[in-house]
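Just the heavy atoms: all of them, side chains too, but no hydrogens, waters or symmetry mates, feed the values below. What you see is a predicted model, and the numbers here were worked out from it, not measured in a lab.
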Amino acid sequence: MSLDTDKEEKQVNQEPLRLGLNRQAIYRKTVDVRWILLAAAGIFAVFSIAFQVPVWASFFAYALIFILVIGGGMKSRTKVKAPSGVSRKEASEIVDRGMKSAVNALPDPCFVVDYRGTTQYVNLAAQRRFGTIAVGDPLSFRIRAPSLLEALDRVSNGGSTEVIDWSEKVPMELWLEAHIAPLWSVSSGNLAVPRGRPGLILVVIRDLTEARRLERMRADFVANASHELRTPLASLTGFIETLQGPAKGDPKAQDQFLGIMLDQAERMRRLIDDLLSLSRIEMKVHVQPETLVDLGLIMRHSVESLLPVAKENGVELNVTVPDEPAEIRGENDELVQVFNNLVENALKYGSSGGRVDVTCRPDPDSTETPHWIAEVRDYGPGIDPEHLPRLTERFYRVDVVTSRQMKGTGLGLAIVKHILTRHRARLEIESKPDEGACFRVFIPGAVIYDENELD
(Lines give C-alpha, C1' and ligand atoms only; values in the text may rest on other atoms or scores of the structure.)
Protein backbone atom coordinates (compact mmCIF):
# COMPACT_ATOMS: atom_id res chain seq x y z
CA MET A 1 0.00 0.00 0.00
CA SER A 2 2.74 2.43 0.98
CA LEU A 3 4.85 1.49 -2.05
CA ASP A 4 2.00 2.30 -4.41
CA THR A 5 1.44 5.58 -2.64
CA ASP A 6 5.12 6.50 -2.95
CA LYS A 7 5.05 5.74 -6.66
CA GLU A 8 1.99 7.89 -7.17
CA GLU A 9 3.61 10.74 -5.20
CA LYS A 10 6.77 10.49 -7.31
CA GLN A 11 4.76 10.54 -10.49
CA VAL A 12 2.83 13.58 -9.27
CA ASN A 13 6.07 15.35 -8.29
CA GLN A 14 7.77 14.53 -11.58
CA GLU A 15 4.81 15.59 -13.75
CA PRO A 16 5.54 19.36 -13.53
CA LEU A 17 9.19 18.66 -14.29
CA ARG A 18 8.25 16.71 -17.40
CA LEU A 19 5.92 19.45 -18.53
CA GLY A 20 8.66 22.05 -18.04
CA LEU A 21 11.19 19.98 -19.98
CA ASN A 22 8.67 19.42 -22.79
CA ARG A 23 7.95 23.14 -23.02
CA GLN A 24 11.66 23.90 -23.18
CA ALA A 25 12.19 21.25 -25.85
CA ILE A 26 9.26 22.55 -27.90
CA TYR A 27 10.56 26.10 -27.61
CA ARG A 28 14.09 25.09 -28.71
CA LYS A 29 12.72 23.12 -31.66
CA THR A 30 10.47 26.02 -32.68
CA VAL A 31 13.47 28.35 -32.68
CA ASP A 32 15.47 25.86 -34.76
CA VAL A 33 12.79 25.56 -37.48
CA ARG A 34 11.43 29.10 -37.29
CA TRP A 35 12.37 29.88 -40.89
CA ILE A 36 10.53 26.80 -42.18
CA LEU A 37 7.41 27.75 -40.23
CA LEU A 38 7.56 31.35 -41.46
CA ALA A 39 7.97 30.19 -45.06
CA ALA A 40 4.98 27.84 -44.69
CA ALA A 41 2.87 30.65 -43.22
CA GLY A 42 3.79 32.88 -46.17
CA ILE A 43 2.87 30.19 -48.69
CA PHE A 44 -0.55 29.58 -47.09
CA ALA A 45 -1.21 33.33 -46.98
CA VAL A 46 -0.46 33.59 -50.72
CA PHE A 47 -2.80 30.65 -51.44
CA SER A 48 -5.58 32.25 -49.37
CA ILE A 49 -5.29 35.56 -51.23
CA ALA A 50 -4.49 34.36 -54.77
CA PHE A 51 -6.65 31.22 -54.96
CA GLN A 52 -9.33 32.21 -52.41
CA VAL A 53 -8.62 29.21 -50.15
CA PRO A 54 -10.72 29.47 -46.94
CA VAL A 55 -8.80 30.84 -44.01
CA TRP A 56 -9.86 27.97 -41.73
CA ALA A 57 -8.45 25.44 -44.25
CA SER A 58 -5.12 27.26 -44.47
CA PHE A 59 -4.95 27.51 -40.67
CA PHE A 60 -5.74 23.79 -40.30
CA ALA A 61 -3.05 22.81 -42.83
CA TYR A 62 -0.50 25.09 -41.17
CA ALA A 63 -1.30 23.59 -37.73
CA LEU A 64 -0.82 20.10 -39.18
CA ILE A 65 2.60 21.03 -40.58
CA PHE A 66 3.55 22.60 -37.25
CA ILE A 67 2.66 19.42 -35.36
CA LEU A 68 4.52 17.20 -37.84
CA VAL A 69 7.69 19.34 -37.79
CA ILE A 70 7.81 19.86 -34.02
CA GLY A 71 6.57 16.38 -33.13
CA GLY A 72 9.00 14.66 -35.52
CA GLY A 73 11.89 16.70 -34.16
CA MET A 74 10.95 15.81 -30.58
CA LYS A 75 10.86 12.08 -31.39
CA SER A 76 14.28 12.24 -33.00
CA ARG A 77 15.61 13.98 -29.93
CA THR A 78 14.33 11.28 -27.59
CA LYS A 79 16.31 8.61 -29.45
CA VAL A 80 19.66 10.10 -28.40
CA LYS A 81 20.62 9.03 -24.90
CA ALA A 82 23.40 10.61 -22.90
CA PRO A 83 25.53 8.63 -20.43
CA SER A 84 24.00 7.96 -17.03
CA GLY A 85 23.91 11.12 -14.91
CA VAL A 86 25.27 13.39 -17.70
CA SER A 87 23.26 15.26 -20.32
CA ARG A 88 24.28 15.15 -23.97
CA LYS A 89 25.37 18.80 -23.90
CA GLU A 90 27.46 18.28 -20.77
CA ALA A 91 29.09 15.19 -22.23
CA SER A 92 29.98 17.11 -25.41
CA GLU A 93 31.47 19.95 -23.38
CA ILE A 94 33.54 17.52 -21.31
CA VAL A 95 34.98 15.95 -24.48
CA ASP A 96 35.72 19.38 -25.95
CA ARG A 97 37.45 20.65 -22.83
CA GLY A 98 39.48 17.49 -22.49
CA MET A 99 40.56 17.56 -26.13
CA LYS A 100 41.52 21.24 -25.99
CA SER A 101 43.49 20.76 -22.77
CA ALA A 102 45.41 17.83 -24.23
CA VAL A 103 46.16 19.62 -27.49
CA ASN A 104 47.24 22.84 -25.78
CA ALA A 105 49.59 20.85 -23.52
CA LEU A 106 51.63 19.77 -26.56
CA PRO A 107 54.70 21.97 -27.17
CA ASP A 108 54.61 21.42 -30.94
CA PRO A 109 52.09 22.95 -33.38
CA CYS A 110 49.00 20.77 -33.43
CA PHE A 111 45.84 20.73 -35.58
CA VAL A 112 42.67 18.72 -34.95
CA VAL A 113 40.78 18.14 -38.22
CA ASP A 114 37.83 16.02 -39.29
CA TYR A 115 37.83 13.37 -42.01
CA ARG A 116 37.35 16.08 -44.68
CA GLY A 117 40.51 17.95 -43.60
CA THR A 118 38.49 20.80 -42.05
CA THR A 119 40.12 22.39 -39.02
CA GLN A 120 38.22 21.81 -35.76
CA TYR A 121 40.81 23.13 -33.30
CA VAL A 122 44.30 24.69 -33.37
CA ASN A 123 46.57 24.95 -30.34
CA LEU A 124 48.47 28.08 -29.35
CA ALA A 125 51.82 26.80 -30.68
CA ALA A 126 50.28 26.34 -34.15
CA GLN A 127 48.76 29.83 -34.08
CA ARG A 128 52.15 31.32 -33.31
CA ARG A 129 54.03 29.21 -35.83
CA PHE A 130 51.65 29.22 -38.82
CA GLY A 131 49.48 32.27 -38.12
CA THR A 132 45.77 32.53 -37.40
CA ILE A 133 43.58 29.86 -39.00
CA ALA A 134 39.83 29.92 -38.38
CA VAL A 135 37.97 26.85 -37.21
CA GLY A 136 36.09 25.47 -40.21
CA ASP A 137 38.79 26.33 -42.75
CA PRO A 138 40.59 23.50 -44.58
CA LEU A 139 44.08 22.74 -43.30
CA SER A 140 45.37 23.31 -46.84
CA PHE A 141 44.63 27.04 -46.42
CA ARG A 142 47.61 27.32 -44.06
CA ILE A 143 49.89 24.37 -44.96
CA ARG A 144 50.34 23.70 -48.67
CA ALA A 145 52.76 20.77 -48.54
CA PRO A 146 51.47 18.18 -51.07
CA SER A 147 53.02 15.24 -49.20
CA LEU A 148 51.26 16.26 -45.97
CA LEU A 149 47.86 16.64 -47.66
CA GLU A 150 48.24 13.28 -49.45
CA ALA A 151 49.08 11.56 -46.16
CA LEU A 152 46.10 13.24 -44.51
CA ASP A 153 43.83 11.87 -47.26
CA ARG A 154 45.15 8.33 -46.68
CA VAL A 155 44.57 8.54 -42.93
CA SER A 156 41.06 10.04 -43.39
CA ASN A 157 40.16 7.11 -45.67
CA GLY A 158 40.83 4.65 -42.86
CA GLY A 159 44.60 4.37 -42.98
CA SER A 160 46.91 4.01 -40.00
CA THR A 161 49.21 6.63 -38.46
CA GLU A 162 51.69 8.21 -40.87
CA VAL A 163 54.90 10.19 -40.40
CA ILE A 164 56.10 12.34 -43.30
CA ASP A 165 58.70 15.08 -43.70
CA TRP A 166 59.14 17.87 -46.23
CA SER A 167 61.17 21.03 -46.80
CA GLU A 168 60.19 24.60 -47.62
CA LYS A 169 62.27 27.25 -49.35
CA VAL A 170 60.16 30.38 -48.77
CA PRO A 171 60.43 32.63 -46.78
CA MET A 172 63.44 30.64 -45.52
CA GLU A 173 64.76 27.11 -45.76
CA LEU A 174 62.87 24.84 -43.35
CA TRP A 175 62.64 21.10 -42.68
CA LEU A 176 59.40 19.89 -41.05
CA GLU A 177 58.00 16.55 -39.92
CA ALA A 178 54.31 15.72 -39.41
CA HIS A 179 52.71 12.94 -37.34
CA ILE A 180 49.18 12.22 -38.58
CA ALA A 181 47.10 9.95 -36.33
CA PRO A 182 43.40 8.99 -36.52
CA LEU A 183 41.28 9.39 -33.36
CA TRP A 184 38.81 6.55 -33.75
CA SER A 185 37.31 6.76 -30.26
CA VAL A 186 36.55 10.50 -30.44
CA SER A 187 33.24 11.78 -31.78
CA SER A 188 33.17 14.65 -34.25
CA GLY A 189 30.01 16.24 -32.81
CA ASN A 190 27.07 16.69 -35.17
CA LEU A 191 29.10 15.73 -38.27
CA ALA A 192 27.90 12.50 -39.88
CA VAL A 193 31.07 10.41 -40.28
CA PRO A 194 31.01 7.78 -43.07
CA ARG A 195 31.64 4.21 -42.05
CA GLY A 196 35.31 3.30 -41.87
CA ARG A 197 36.54 6.87 -41.35
CA PRO A 198 37.89 8.36 -38.12
CA GLY A 199 35.85 10.95 -36.24
CA LEU A 200 38.83 13.28 -35.88
CA ILE A 201 42.47 13.33 -36.98
CA LEU A 202 45.40 14.72 -34.98
CA VAL A 203 48.21 16.45 -36.94
CA VAL A 204 51.34 17.28 -34.93
CA ILE A 205 54.20 19.10 -36.67
CA ARG A 206 57.82 19.06 -35.52
CA ASP A 207 60.53 21.44 -36.70
CA LEU A 208 63.70 19.63 -37.79
CA THR A 209 65.43 22.73 -39.13
CA GLU A 210 67.86 23.17 -36.24
CA ALA A 211 69.13 19.60 -36.50
CA ARG A 212 69.59 19.85 -40.28
CA ARG A 213 71.34 23.21 -40.00
CA LEU A 214 73.70 21.80 -37.39
CA GLU A 215 74.77 19.14 -39.88
CA ARG A 216 75.56 21.77 -42.51
CA MET A 217 77.16 24.25 -40.13
CA ARG A 218 80.39 22.31 -39.71
CA ALA A 219 81.06 22.06 -43.43
CA ASP A 220 80.16 25.72 -44.07
CA PHE A 221 82.30 26.95 -41.20
CA VAL A 222 85.36 25.04 -42.39
CA ALA A 223 84.92 26.29 -45.97
CA ASN A 224 84.44 29.96 -44.99
CA ALA A 225 87.15 29.97 -42.35
CA SER A 226 89.75 28.37 -44.62
CA HIS A 227 88.95 30.87 -47.40
CA GLU A 228 89.20 34.04 -45.32
CA LEU A 229 91.96 32.98 -42.91
CA ARG A 230 94.35 31.92 -45.62
CA THR A 231 95.57 35.50 -46.36
CA PRO A 232 96.40 36.60 -42.78
CA LEU A 233 97.98 33.23 -42.04
CA ALA A 234 100.18 33.58 -45.12
CA SER A 235 101.21 37.08 -43.95
CA LEU A 236 102.07 35.83 -40.47
CA THR A 237 104.12 32.97 -41.88
CA GLY A 238 106.06 35.34 -44.16
CA PHE A 239 106.82 37.82 -41.37
CA ILE A 240 107.96 35.05 -39.01
CA GLU A 241 110.32 33.68 -41.67
CA THR A 242 111.67 37.21 -42.23
CA LEU A 243 112.24 37.75 -38.51
CA GLN A 244 114.06 34.45 -38.27
CA GLY A 245 116.21 35.25 -41.34
CA PRO A 246 117.18 38.64 -42.83
CA ALA A 247 115.64 40.76 -40.01
CA LYS A 248 116.99 38.63 -37.20
CA GLY A 249 119.32 41.35 -35.95
CA ASP A 250 117.31 44.42 -37.05
CA PRO A 251 115.33 45.87 -34.08
CA LYS A 252 113.59 48.50 -36.25
CA ALA A 253 112.33 45.89 -38.74
CA GLN A 254 111.29 43.63 -35.88
CA ASP A 255 109.11 46.36 -34.34
CA GLN A 256 107.50 47.10 -37.69
CA PHE A 257 106.81 43.45 -38.52
CA LEU A 258 105.49 42.66 -35.05
CA GLY A 259 102.97 45.53 -35.35
CA ILE A 260 101.73 44.17 -38.70
CA MET A 261 101.55 40.65 -37.26
CA LEU A 262 99.43 41.93 -34.36
CA ASP A 263 97.03 43.57 -36.82
CA GLN A 264 96.76 40.34 -38.81
CA ALA A 265 96.12 38.34 -35.64
CA GLU A 266 93.37 40.79 -34.63
CA ARG A 267 91.86 40.44 -38.07
CA MET A 268 91.76 36.65 -37.71
CA ARG A 269 90.13 36.99 -34.28
CA ARG A 270 87.43 39.26 -35.68
CA LEU A 271 86.83 36.85 -38.56
CA ILE A 272 86.45 33.89 -36.22
CA ASP A 273 84.11 35.83 -33.91
CA ASP A 274 81.91 36.93 -36.82
CA LEU A 275 81.86 33.44 -38.35
CA LEU A 276 80.82 31.92 -35.03
CA SER A 277 78.17 34.59 -34.56
CA LEU A 278 76.81 34.01 -38.07
CA SER A 279 76.73 30.24 -37.54
CA ARG A 280 74.83 30.58 -34.26
CA ILE A 281 72.25 32.87 -35.89
CA GLU A 282 71.82 30.55 -38.89
CA MET A 283 71.07 27.63 -36.58
CA LYS A 284 68.03 29.36 -35.08
CA VAL A 285 66.99 31.64 -37.95
CA HIS A 286 63.76 29.63 -38.33
CA VAL A 287 62.72 30.17 -34.70
CA GLN A 288 60.95 33.49 -34.21
CA PRO A 289 61.67 35.08 -30.80
CA GLU A 290 58.76 35.39 -28.37
CA THR A 291 60.12 37.95 -25.89
CA LEU A 292 58.52 41.41 -25.96
CA VAL A 293 61.12 44.19 -26.36
CA ASP A 294 61.02 47.93 -27.01
CA LEU A 295 62.53 48.74 -30.42
CA GLY A 296 62.93 52.44 -29.61
CA LEU A 297 64.84 51.65 -26.41
CA ILE A 298 67.18 49.30 -28.30
CA MET A 299 67.94 51.93 -30.96
CA ARG A 300 68.56 54.59 -28.33
CA HIS A 301 70.96 52.24 -26.51
CA SER A 302 72.91 51.57 -29.74
CA VAL A 303 73.25 55.30 -30.44
CA GLU A 304 74.45 56.07 -26.91
CA SER A 305 77.06 53.30 -27.02
CA LEU A 306 78.48 54.65 -30.32
CA LEU A 307 78.67 58.31 -29.33
CA PRO A 308 82.48 58.02 -28.72
CA VAL A 309 82.92 56.65 -32.27
CA ALA A 310 80.83 59.53 -33.66
CA LYS A 311 82.93 62.05 -31.75
CA GLU A 312 86.15 60.42 -32.98
CA ASN A 313 84.97 60.66 -36.61
CA GLY A 314 83.56 64.19 -36.19
CA VAL A 315 79.98 63.12 -36.98
CA GLU A 316 76.78 64.49 -35.44
CA LEU A 317 74.62 61.53 -34.35
CA ASN A 318 70.86 62.21 -34.02
CA VAL A 319 68.18 59.80 -32.77
CA THR A 320 64.38 60.15 -33.01
CA VAL A 321 62.19 57.45 -31.46
CA PRO A 322 58.53 57.54 -30.31
CA ASP A 323 57.71 58.30 -26.69
CA GLU A 324 55.38 55.30 -26.38
CA PRO A 325 56.90 51.78 -26.37
CA ALA A 326 57.48 50.33 -29.85
CA GLU A 327 56.80 46.73 -28.81
CA ILE A 328 58.03 43.89 -31.01
CA ARG A 329 58.86 40.24 -30.44
CA GLY A 330 62.61 39.89 -30.56
CA GLU A 331 65.95 38.95 -29.04
CA ASN A 332 67.38 42.03 -27.33
CA ASP A 333 71.09 41.22 -27.86
CA GLU A 334 70.61 40.32 -31.53
CA LEU A 335 68.69 43.52 -32.29
CA VAL A 336 71.36 45.56 -30.49
CA GLN A 337 73.91 43.86 -32.76
CA VAL A 338 71.85 44.84 -35.84
CA PHE A 339 71.66 48.54 -35.03
CA ASN A 340 75.21 48.70 -33.68
CA ASN A 341 76.38 47.37 -37.04
CA LEU A 342 74.21 49.70 -39.14
CA VAL A 343 75.05 52.82 -37.11
CA GLU A 344 78.76 51.99 -36.94
CA ASN A 345 78.89 51.46 -40.72
CA ALA A 346 77.19 54.83 -41.24
CA LEU A 347 79.69 56.54 -38.93
CA LYS A 348 82.71 54.97 -40.63
CA TYR A 349 81.77 54.95 -44.31
CA GLY A 350 79.51 58.04 -44.31
CA SER A 351 81.54 60.26 -42.00
CA SER A 352 82.23 62.79 -44.78
CA GLY A 353 78.57 63.86 -44.60
CA GLY A 354 79.05 65.05 -41.03
CA ARG A 355 75.68 63.71 -39.83
CA VAL A 356 73.89 60.41 -39.21
CA ASP A 357 70.15 60.25 -38.45
CA VAL A 358 68.58 57.28 -36.61
CA THR A 359 64.77 57.23 -36.57
CA CYS A 360 61.94 54.88 -35.59
CA ARG A 361 58.29 55.37 -36.60
CA PRO A 362 55.12 53.34 -37.29
CA ASP A 363 54.61 52.08 -40.83
CA PRO A 364 51.54 53.89 -42.22
CA ASP A 365 51.11 51.30 -45.00
CA SER A 366 50.78 48.26 -42.70
CA THR A 367 47.24 46.85 -42.60
CA GLU A 368 46.62 43.55 -40.77
CA THR A 369 49.76 43.45 -38.59
CA PRO A 370 51.25 46.78 -37.45
CA HIS A 371 54.88 47.32 -38.52
CA TRP A 372 57.64 49.65 -37.40
CA ILE A 373 60.19 51.35 -39.65
CA ALA A 374 63.71 51.83 -38.30
CA GLU A 375 66.10 53.91 -40.42
CA VAL A 376 69.81 54.68 -40.31
CA ARG A 377 70.69 57.43 -42.79
CA ASP A 378 74.07 58.96 -43.55
CA TYR A 379 75.01 61.79 -45.91
CA GLY A 380 78.34 60.50 -47.14
CA PRO A 381 79.58 59.44 -50.60
CA GLY A 382 76.80 56.89 -51.10
CA ILE A 383 76.95 53.51 -52.84
CA ASP A 384 76.82 52.79 -56.58
CA PRO A 385 73.58 51.04 -57.65
CA GLU A 386 75.36 47.91 -58.96
CA HIS A 387 76.61 47.09 -55.45
CA LEU A 388 73.25 47.36 -53.62
CA PRO A 389 71.87 43.85 -54.39
CA ARG A 390 75.04 42.17 -53.08
CA LEU A 391 75.74 44.14 -49.92
CA THR A 392 74.35 41.43 -47.62
CA GLU A 393 76.43 38.63 -49.17
CA ARG A 394 79.18 37.08 -47.09
CA PHE A 395 82.59 38.74 -47.54
CA TYR A 396 81.28 41.12 -50.20
CA ARG A 397 82.98 44.52 -50.03
CA VAL A 398 82.37 47.61 -52.15
CA ASP A 399 85.98 48.71 -51.59
CA VAL A 400 88.30 46.00 -50.22
CA VAL A 401 91.08 48.40 -49.23
CA THR A 402 88.77 50.81 -47.40
CA SER A 403 86.98 47.93 -45.68
CA ARG A 404 90.23 46.51 -44.32
CA GLN A 405 91.38 49.93 -43.21
CA MET A 406 88.11 50.22 -41.26
CA LYS A 407 88.77 46.74 -39.79
CA GLY A 408 85.74 45.23 -41.51
CA THR A 409 85.34 41.49 -42.02
CA GLY A 410 82.72 41.56 -44.79
CA LEU A 411 80.27 39.66 -42.56
CA GLY A 412 78.47 42.51 -40.78
CA LEU A 413 75.54 42.96 -43.16
CA ALA A 414 75.23 39.20 -43.66
CA ILE A 415 74.73 38.89 -39.89
CA VAL A 416 72.21 41.74 -40.00
CA LYS A 417 70.24 40.00 -42.77
CA HIS A 418 70.05 36.68 -40.91
CA ILE A 419 68.99 38.32 -37.63
CA LEU A 420 66.24 40.27 -39.40
CA THR A 421 65.10 37.10 -41.19
CA ARG A 422 64.74 35.41 -37.82
CA HIS A 423 62.62 38.35 -36.62
CA ARG A 424 60.43 38.17 -39.79
CA ALA A 425 61.75 41.60 -40.76
CA ARG A 426 63.26 42.84 -44.00
CA LEU A 427 66.04 45.25 -44.94
CA GLU A 428 65.83 47.82 -47.73
CA ILE A 429 68.83 49.85 -48.89
CA GLU A 430 68.54 53.13 -50.77
CA SER A 431 71.58 55.01 -51.98
CA LYS A 432 72.85 57.22 -54.76
CA PRO A 433 76.40 58.41 -55.36
CA ASP A 434 77.18 61.62 -53.43
CA GLU A 435 73.76 61.54 -51.72
CA GLY A 436 74.43 59.19 -48.80
CA ALA A 437 72.77 55.88 -47.96
CA CYS A 438 69.65 54.85 -46.05
CA PHE A 439 69.32 51.41 -44.43
CA ARG A 440 65.62 50.87 -43.66
CA VAL A 441 64.31 48.00 -41.51
CA PHE A 442 60.64 46.93 -41.62
CA ILE A 443 59.83 44.85 -38.54
CA PRO A 444 56.39 43.57 -37.43
CA GLY A 445 54.91 44.85 -34.19
CA ALA A 446 54.03 42.50 -31.36
CA VAL A 447 50.78 40.54 -31.68
CA ILE A 448 49.44 39.41 -28.29
CA TYR A 449 47.79 35.98 -28.32
CA ASP A 450 45.10 35.25 -25.74
CA GLU A 451 44.62 31.58 -24.92
CA ASN A 452 41.00 32.23 -23.95
CA GLU A 453 40.25 33.41 -27.50
CA LEU A 454 41.25 29.99 -28.85
CA ASP A 455 38.55 28.13 -26.85
Could you tell me if the side chain of Gln120 sits less than 4.5 Å from the side chain of Val113, heavy atoms only?
no
Side-chain contact test, heavy atoms from C-beta onward, threshold under 4.5 Å: evaluate it for Thr161 versus Ile180 and give yes or no.
no
Heavy atoms of Gly436 and Ser431 approach each other most closely as O-OG, 2.9 Å
Please determine whether side chain to side chain contact (heavy atoms under 4.5 Å, CB included) holds for the pair Asn341 and Ile415, giving the CA-CA distance in whole Å, both sets of side-chain angles, and the decisive distance to 0.1 Å.
CA-CA 9 Å; Asn341 190 296; Ile415 293 174; 5.6 Å; no
Start with the C-alpha gap between Thr359 and Val321, add the side-chain angles, then the distance that decides, and say whether side chain to side chain contact (heavy atoms under 4.5 Å, CB included) holds.
CA-CA 6 Å; Thr359 60; Val321 297; over 6 Å; no
Apply ring pair (Phe, Tyr, Trp, His ring centres under 6.0 Å) to Phe439 and list each qualifying residue two or more places apart in sequence or on a separate chain.
none
Qualifying side-chain hydrogen bond (donor to acceptor under 3.5 Å, both in side chains) pairs, either residue in residues 197-208, two or more places apart:
Asn157-Arg197, Glu177-Arg206, Asp207-Thr209
For the CD atom of Gln264 and the CZ atom of Arg269, what is their distance to the nearest 0.5 Å?
13.5 Å
Where do Arg377 and Val356 land on the side chain to side chain contact (heavy atoms under 4.5 Å, CB included) test, with the steps shown first?
CA-CA 6 Å; Arg377 181 183 295 273; Val356 171; over 6 Å; no
Correct closest heavy-atom pair for His423 and Gln288 would be O-NE2, 4.3 Å
Using atom types as modelled and distance alone, determine if a side-chain donor or acceptor of His179 lies under 3.5 Å from a backbone N or O of Ile164.
no
Within the 3.5 Å criterion, strictly below it, is a donor on Asp137 or Thr119 matched to an acceptor on the partner's side chain?
no
Are any non-hydrogen side-chain atoms of Ser305 and Asn340 less than 4.5 angstrom apart?
yes
Could you tell me whether the side chains of Asn123 and Asn104 share a donor-acceptor contact shorter than 3.5 Å?
no
For Glu393, salt bridge (charged side-chain N to carboxylate O under 4.0 Å, His left out) partners two or more places apart
Arg390
Heavy-atom neighbours of His301 NE2 exceed 12 at 6.0 Å
no
Do you know the tightest heavy-atom contact between Leu292 and Ala446?
CD2-CB, 3.3 Å
Nearest 0.5 Å, what's the CG-CD1 distance between Leu413 and Ile429?
6.0 Å
From Glu334 atom CD to Ile298 atom CD1, the distance as rounded to the nearest 0.5 Å
10.5 Å
Any side-chain to backbone donor/acceptor pair from Arg424 onto Arg422? Under 3.5 Å, distance only.
yes
Spell out, as yes or no, whether a donor-acceptor pair under 3.5 Å connects the side chain of Thr118 to the backbone of Asp114.
no
Whether the side chain of Asp378 engages the backbone of Gly380 through a donor-acceptor N/O pair (distance < 3.5 Å, no angle test) should be reported.
yes
Can you see which heavy atom on Pro381 is nearest to which on Gly350, and at what distance?
CD-CA, 4.3 Å
Closest heavy-atom pair and its distance - Pro325, Trp372:
O-CZ2, 4.2 Å
Within the 4.5 Å heavy-atom criterion, are Val103 and Leu202 side-chain neighbours or not?
yes
Considering only heavy atoms from C-beta outward, does the side chain of Leu176 approach that of Arg129 to under 4.5 Å?
yes
Check whether any side-chain heavy atom of Leu342 sits under 4.5 Å from a side-chain heavy atom of Val441, and report yes or no.
yes
I want to check something: taking the side chain as every heavy atom from C-beta on, are Asp108 and Leu106 in contact at a cut-off of under 4.5 Å?
no
Min side-chain heavy-atom separation Arg440-Ile373 under 4.5 Å
yes
Would Arg355 pass as a cation-pi partner of Tyr379, given that its NZ or CZ must be under 6.0 Å from the six-membered ring centre and within 45 degrees of the axis?
yes
What's the spacing between Asp273 CG and Leu278 CG if we round to 0.5 Å?
12.5 Å
Could you report the tightest heavy-atom contact between Ser147 and Trp166, atom names first, then the distance?
OG-CB, 3.7 Å
Chi angles and distances behind the side chain to side chain contact (heavy atoms under 4.5 Å, CB included) call for Val112, Ile201:
CA-CA 6 Å; Val112 180; Ile201 301 172; over 6 Å; no
Is the shortest side-chain N to carboxylate O distance from Lys348 to Glu344 below 4.0 Å?
yes
Give, for atom CD1 of Ile419 and atom CZ of Phe339, the distance between the pair rounded to the nearest 0.5 Å.
10.0 Å
Nearest 0.5 Å, please: how far is CD1 in Ile205 from CG in Leu148?
6.0 Å
Compute whether any side-chain donor of one residue and acceptor of the other, for Gln337 and Ser277, lie under 3.5 angstrom apart.
yes
